[in-house]
Protein chains: 2
Amino acid sequence: MSPIITYFQSIYPLSEASQVVLASICREISITKNQDLQSIGQTCKTLYFLKKGMARIYYVKDGMDVTEGFYGEFNLIARAESLFAGKPSQKGIQVLEDSELWSIDTSTLTTLYEEHRDIERLFSKLFEKAYVESIQRIENLQFHPAEERYHLLEREQPEVLKRAPLKFIASYLGITQVSLSRIRAKKS
Amino acid sequence: MSPIITYFQSIYPLSEASQVVLASICREISITKNQDLQSIGQTCKTLYFLKKGMARIYYVKDGMDVTEGFYGEFNLIARAESLFAGKPSQKGIQVLEDSELWSIDTSTLTTLYEEHRDIERLFSKLFEKAYVESIQRIENLQFHPAEERYHLLEREQPEVLKRAPLKFIASYLGITQVSLSRIRAKKS
DNA sequence: CAAAGTACTTAACAAATGTTAAATTAGGAT
DNA sequence: ATCCTAATTTAACATTTGTTAAGTACTTTG
């Protein structure tokens, strides 16, 4: 049993048949450090789940690279705003290290929905999960000062602090590299 | 045809039968200014759509009242993090003025999903929409300074500036009332 | 190994936002 | 209308964060 199917089962139970057909449309791919999985301007038509490695979604604002989020193993990676609207995304997906992942073509996936209602519900649940995470992120950004946001990240995604360069972490937290360096210095 | 069904149709087309059964579970309710529609601590089991009026979702952090979002006519109002997890919400829903709305009990709604797949998809779409809005809100909070966030709100939800008191708007923007007053003063 | 680039830190100063408190204005209640 | 309260603005000062620039340390590469 592929580990991604095991993961899916933990989110929403699937029939035998659904497991098989879903596994059949998951492609395994590898990608090397710093490569773009999806570039800015492409319309999101593929979902990804990391088997090994780490990725980020980013965009460019006023010429500055801004990291919107970090994604580790088994996290759903997609640019929802593009996927749901069918429009080109202003965001790209990049891996921070050599990574292996599963990719799922969304148009193939949605054709399965008719026959396999459990698959449709599985992905509804995955997007619900992503939605709830985005709500929590709003809370963090809205009322925690930069230093608290840093410690929150430290608590909730400690791997990010080890695996991502400072500039990505800083823009993710909504502050400058210099500010982040200052916050780090305070700790010791 | 109830206006709420017309609105639903614009999101996802429904069969005649689905329209009728869905309309039958929409209850119309009225509530007076400053009342809580849902209190902090309750588990979210009801979805609301405003017919007339304005509402906000809020929570309390460090004794401070924080407005998470403002909702106008036909907006889906729900505390998703509680609904999807089935756990009590740390957030409340309050109306800012005398309001009329439709309420939908979620457990009744989900029983309709089995027979009416279009209804299930409609609500999936409504939550997708809310998800995309939350992603945009993250972008706003992450990289716009307070003054830009204010002007964004002015552009995207101008009614809020007229209908909500300053303190709610300030906490929504993630700043103090005093800061917001300063920003306003600059304009003229 | 040397050189060049990248990542990270530190410092000094500027700008933005927070804090406290007082002054002003607007609305509601009687 | 008048009083009372809540909402908003203004001011003065403290703190946080941004900006620029320099310096150190670490990687990569020839």
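A, B, ... follow the sequence lines: proteins, then strands. Residue 1 opens every chain.
In this structure, B/Phe49 has its ring center no closer than 6.0 Å to that of B/Phe74.
There is no side-chain donor-acceptor pair under 3.5 Å between B/Glu139 and A/Tyr59. Side-chain contact annotation: A/Tyr113 with A/Asp118, donor-acceptor N/O pair under 3.5 Å absent. No side-chain donor-acceptor contact under 3.5 Å links B/Gln142 and A/Tyr172.
Going from atom CG of A/Leu166 over to atom P of D/dC26 covers 15 Å, rounded to whole Å. Between A/Lys162 atom NZ and C/dC8 atom P there is a gap of 16 Å when expressed in whole angstrom units. In this structure, B/Glu97 places its CD atom 13 Å from P of C/dG28, rounding to the nearest Å. Remark: C1' of D/dA7 and CG of B/Asn34 are 13 Å apart, rounded to the nearest angstrom. Taking atom NZ on B/Lys33 and atom C1' on D/dA6, their separation rounds to 12 Å, with Å as the unit. The distance between atom CD of B/Glu148 and atom C1' of C/dA16, rounded to the nearest whole Å, is 13 Å. What separates CD of A/Gln177 from C1' of C/dT10 is a distance of 13 Å, to the nearest Å. Taking atom CG of A/Leu96 as the reference point, atom C1' of C/dA7 lies 15 Å away to the nearest angstrom.
Classification of A/Glu73 and A/Lys52 as a salt-bridged pair fails, no side-chain N sitting under 4.0 Å from a carboxylate O. The residues A/Glu100 and A/Arg27 are annotated as not salt-bridged, no charged nitrogen and carboxylate oxygen being separated by less than 4.0 angstrom.
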Using atom names, set out every protein N or O paired with an N or O of nucleotides 16-24 of chain D below 3.5 Å, distance rounded to 0.1 Å.
from, atom 1, to, atom 2, distance (Å)
D/dT17, OP1, A/Ala146, N, 3.2
D/dG18, OP2, A/Thr176, N, 3.3
D/dG18, OP2, A/Thr176, OG1, 3.3
D/dG18, OP2, A/Ser179, OG, 2.6
D/dG18, N7, A/Arg182, NH2, 2.7
D/dG18, O6, A/Arg182, NH1, 3.0

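OP1 or OP2 of D/dT8 has not a single side-chain nitrogen or oxygen of B/Lys167 nearer than 4.0 Å.
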